[in-house]
Amino acid sequence: MELIDTHAHIQEDAFEADRSEVLVRAFEAGVKHIVVVGFNVDSSRRAVELAQVHPRLSAVVGIQPNYAHEARPADWDTIVELVQDKSVVGIGETGLDRYWKTVPIELQIEYFHRHLQLSRETGLPFVVHCRDADEDIVVELRKAAKDGPLNGVMHSFTGTMETAQACWELGMHISFAGMVTFKNNHALRAVAAAVPSDRIVIETDCPYLAPSPNRGKRNEPAFVTLTADCLAGVRGLSSNEFADLTTANAQRLFRLPSCA
Ligand SMILES: [Zn+2]
């Protein structure tokens, strides 16, 4: 079985002490590729540095909405430069977040559209973070879709069926993380069952929100197998069939070198 963790923050300090062991455990568990996602300029640079030295890692670079207020003008220039690196396979994470309320929504929207524009210019897909902002995201994606088809993924999706459907109808992929395995999350599993077969991908979003039964522990890429097994059951597939499906989708979305 071969899986791809399409969203991991293994550049973070949480993995400083044992990053190489974490990678070995992931590869032994069947994770063949990991997409390392930045959330500000430093973490984006670290993602690129890791991906440059590990053939089974790729990087996504951008400024996450909760960091938009800290970004200096030069930071965006650095993101645009980093995108040139051949280890970079996507733009983000970007998006909208009304949960933390630290960054004005207007500034978040401005940054979101910068990322979408960069995605269009480079042909690389964009990675969307959406927290408590489902309606806003759909509005902004619909605006962007007027300029042409969208090429992106709703990462760690936790929204409603209605939002998911609006997103996949706009051409987006939907990615599920550990929360979909939580016991009471029946509604989210129903969404995961309904996503079209060519649009579903999986991720850990580690070190956050480890899937059951590791809930509460530090998450790591090897645990994507737990989310995969849960969703295989939800979709009535064997674990192998579900792995093949999501791996093919992730390779196509991010044009990963391993499938070139
Ligand atoms: Zn993330």
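Remember, it's 1-based here, ligands and their atoms both numbered in the order they're listed.
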| field | Electrostatic pair Arg19-Glu21, nearest N-O below 4.0 angstrom | value | no
| request: Identify which one of Arg131, Arg98, Arg142, Lys143 satisfies the salt bridge (Lys or Arg N to Asp or Glu O under 4.0 Å) criterion when paired with Asp136. | output: Arg98
| said: Show, in sequence, the C-alpha distance, side-chain angles and deciding distance for Arg199 and Asn249, and conclude whether the side-chain contact (heavy atoms from CB on, under 4.5 Å) test is met. | reply: CA-CA 7 Å; Arg199 299 297 182 76; Asn249 290 343; 5.8 Å; no
| request: Considering only NZ, NE, NH1 and NH2 on the basic side and carboxylate oxygens on the acidic side, decide whether Arg45 and Glu49 come within less than 4.0 Å. | output: no
| Atom of His7 nearest the Zn ion (ligand 1) (restricted to N/O/S, atom name only) | NE2
| Can you give me the NE2-the Zn ion (ligand 1)-OD1 angle for His9 and Asp205, to 10°? | 90°
| With the Zn ion (ligand 1) as the point of reference, which N/O/S atom of Glu93 is the closest? | OE2
